[in-house]
There are 2 protein chains.
Amino acid sequence: MRMTEGVEWALHSCLNLAWAGPDRPVTAARLAAYHELPAPYLNKQLQALVRAGIVASTSGPRGGFRLVRPLAQITLMDVVAAIEGPDEAFRCTEIRQQGPGGGAPASYRLPCAFAHAMARAELAWRRELAGQTLEDVREQAEAQAPAAPERLRRWLANG
Amino acid sequence: MRMTEGVEWALHSCLNLAWAGPDRPVTAARLAAYHELPAPYLNKQLQALVRAGIVASTSGPRGGFRLVRPLAQITLMDVVAAIEGPDEAFRCTEIRQQGPGGGAPASYRLPCAFAHAMARAELAWRRELAGQTLEDVREQAEAQAPAAPERLRRWLANG
DNA sequence: GAATCACTACTCGGATAGGGTGTGTCCGAGTATACATGG
DNA sequence: CCATGTATACTCGGACACACCCTATCCGAGTAGTGATTC
């Protein structure tokens with residue numbers, strides 16, 4: 001089981017957008033260059049964030065992306081769902097119904113016990129993701145590197 | 001994010017092995033036929049369970065697979081780890097260190113705040129998986145379909 | 001009749017191809033800006 | 001000097017190839033059973 005690379009990019013991009021401030025949008029090319037990421041592909045991930053209503057985009061000169069709401073109102077779950085999609089990791093294909101092992105169809109009113117157990121675990125995962133906001137992460141990140149926000153702003157201004 | 005199909009197969013196979021009883025091993029071909037699965041590929045998954053020490057294999061005539069320990073001592077985490085591998089879903093590639101965004105290396109003693117947050121969620125997921133044994137699932141499954149174990153044993157005997 | 005040996009059939013195990021999803025890239029639609037032009 | 005229309009440059013957005021991992025498969029190594037053979 002492996003999560004898409006784009007999730008990490010989207011998370012850092014959201015944090016960078018918050019540090020950049022709401023004054024003017026930041027283009028995908030700038031966000032990508034700041035961490036040496038392929039710009040068109042990061043653009044693709046940002047589009048997913050737009051569809052999820054996390055960031056907003058502006059076309060044309062002086063356009064770019066900006067956060068729609070403050071970091072405190074963006075959970076990790078929001079970003080993961082935006083990039084990875086809403087599907088669950090474990091998808092029960094109901095093999096119990098196939099072949100000689102599949103008995104009377106009346107037994108299949110209730111969901112597969114394995115699927116239920118796996119869903120329970122995924123629920124715990126989602127709950128934990130939904131309980132942490134990007135604001136929490138920002139505080140930790142700034143405690144580790146207090147100069148990071150200012151460095152980003154300078155780099156954006158001088159570019 | 002998507003979990004391998006083989007996890008579902010491995011889980012049902014373990015349950016079927018428990019229902020078959022410890023008297024004699026069951027071949028991969030029989031286990032596969034019972035749910036109309038591709039036999040060679042299921043064999044591959046069973047090999048992973050062997051490497052993980054969950055089932056044991058016997059070669060030659062009257063060979064096959066059998067459970068090493070009772071279902072109560074096999075957690076969902078054991079099976080998932082055996083099939084999916086030990087790697088975490090979210091793998092931090094430390095993009096924060098790349099490009100102009102990467103500041104002084106001294107800031108990177110501590111792990112990335114995003115990676116820490118994601119790891120916390122995955123820990124909750126793993127904890128939930130480790131808290132449920134196959135015995136728990138067996139009880140639920142037999143409550144839903146009490147005839148299932150006997151049907152499997154009959155089918156194995158008549159095959 | 002019993003033990004031994006070789007043969008056979010059967011099973012797992014790892015090495016080998018194909019398909020789907022993520023990864024990376026490109027070009028076109030749309031817009032704010034800047035400039036030239038006319039009043 | 002100011003308003004207007006136009007051309008321009010820049011940005012996002014979706015459509016297009018490539019690569020890797022999961023899926024599916026095959027054949028060889030090893031083993032238990034079986035039968036013939038010999039003492």
Side-chain angles (χ1 to χ4, degrees), chain A residues 1-10 13 17 20 24-33 35-66 68 80 82-91 93 95 156 159, chain B residues 1-10 13 17 20 24-33 35-66 68 80 82-85 87 89-91 93 95 156 159:
Chain A
M1 195 170 60
R2 191 177 146 209
M3 184 169 289
T4 302
E5 190 80 22
V7 171
E8 184 184 3
W9 302 3
S13 294
L17 284 177
R24 52 183 165 190
V26 184
T27 69
R30 304 302 294 276
L31 282 173
H35 289 305
E36 284 180 351
L37 303 175
Y41 191 34
L42 177 62
N43 191 9
K44 193 185 185 71
Q45 312 299 341
L46 291 172
Q47 287 175 29
L49 293 182
V50 170
R51 281 190 292 271
I54 297 173
V55 305
S57 62
T58 310
S59 289
R62 302 183 68 80
F65 296 91
R66 69 177 195 280
V68 168
V80 169
I83 304 296
E84 288 284 330
D87 292 343
E88 296 191 355
F90 181 85
R91 261 158 282 184
T93 59
I95 65 168
L156 287 175
Chain B
M1 195 171 59
R2 190 177 146 210
M3 185 169 288
T4 303
E5 190 81 20
V7 172
E8 184 184 4
W9 302 2
S13 295
L17 284 177
R24 52 183 167 190
V26 185
T27 70
R30 305 303 295 278
L31 282 173
H35 290 304
E36 285 181 349
L37 303 175
Y41 190 34
L42 177 62
N43 191 8
K44 193 184 185 70
Q45 312 299 340
L46 291 172
Q47 288 175 29
L49 293 181
V50 170
R51 280 191 291 271
I54 297 174
V55 306
S57 62
T58 310
S59 290
R62 302 183 69 80
F65 295 92
R66 69 176 195 279
V68 169
V80 170
I83 304 297
E84 289 284 330
D87 293 343
F90 181 85
R91 261 158 283 185
T93 59
I95 65 169
L156 286 175

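Nothing here was measured: the structure is a model prediction, and the numbers come from that model. Letters A, B, ... mirror the listed sequences (proteins, then strands); counts begin at 1.
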Inter-residue atom distance A:Glu88.CD - B:Met1.CE, 0.5 Å rounding:
10.0 Å

May I have the distance from A:Arg91 (atom CZ) to D:dC22 (atom C1'), rounded to whole angstrom?
13 Å

Does any part of the side chain of B:Met3, heavy atoms only, come nearer than 4.5 Å to the side chain of B:Ile83, both counted from C-beta?
no

At under 4.0 Å between heavy atoms, which parts of nucleotides 31-36 of chain D does protein reach? Answer with one letter per nucleotide, 5' to 3': B base, S sugar-phosphate only, - none.
BB----

Between B:Phe65 and B:Met1, whichever has its closest DNA chain C nucleotide further toward 5' is B:Phe65

Rounding to an integer number of Å, can you tell me how far A:Gln47 CD sits from D:dC16 C1'?
14 Å

Please give, in whole Å, the distance from D:dC22 P to B:Tyr41 OH?
8 Å

For B:Trp9 and D:dA24, give me the distance from atom CH2 to atom P, rounded to whole Å.
5 Å

Report the distance from atom CG of B:Leu31 to atom CD of B:Gln45, rounding to the nearest 0.5 Å.
12.5 Å

Looking only at side-chain N and O atoms, does B:Glu5 offer a donor or acceptor that is under 3.5 Å from a partner on A:Thr93?
yes

When all nucleic acid strands are considered with a 4.0 Å heavy-atom cut-off, which category describes A:Pro40: base, sugar-phosphate, or nothing?
base

Any non-hydrogen side-chain atom of A:Phe65 less than 4.5 Å from a side-chain atom of A:Val50?
yes

Interatomic distance where CZ belongs to A:Arg51 and P belongs to D:dG13 [whole Å]:
9 Å

Apply salt bridge (charged side-chain N to carboxylate O under 4.0 Å, His left out) to A:Arg91 and list each qualifying residue two or more places apart in sequence or on a separate chain.
A:Asp87

Check: A:Glu84 side chain, A:Thr4 main-chain N or O, donor-acceptor pair, under 3.5 Å
yes

Without decimals, in angstroms, what is the distance between B:Ile83 CD1 and D:dT23 C1'?
14 Å

From CG of B:Asn43 over to C1' of D:dC26, roughly how many Å is that when rounded to an integer?
12 Å

Over how many whole Å does the gap from B:Leu42 atom CG to D:dC26 atom C1' extend?
16 Å

Between A:Lys44 and A:Gly64, which has a closest nucleotide on DNA chain D that is more 5'?
A:Gly64

Smallest heavy-atom separation, A:Ala82 atom then A:Ala52 atom, equals CB-CB, 3.5 Å

Check every strand shown and say whether B:Ala28 touches a base, only sugar-phosphate, or nothing at a heavy-atom separation below 4.0 Å.
sugar-phosphate

Of all heavy-atom pairs linking A:Leu46 and A:Ser13, the shortest is CD2-CB, 4.2 Å

With a strict under 4.0 Å distance from non-hydrogen atoms of chain B, what nucleotide opens and what nucleotide closes the contacted stretch of DNA chain C, reading 5' to 3'?
C:dC10 to C:dT21

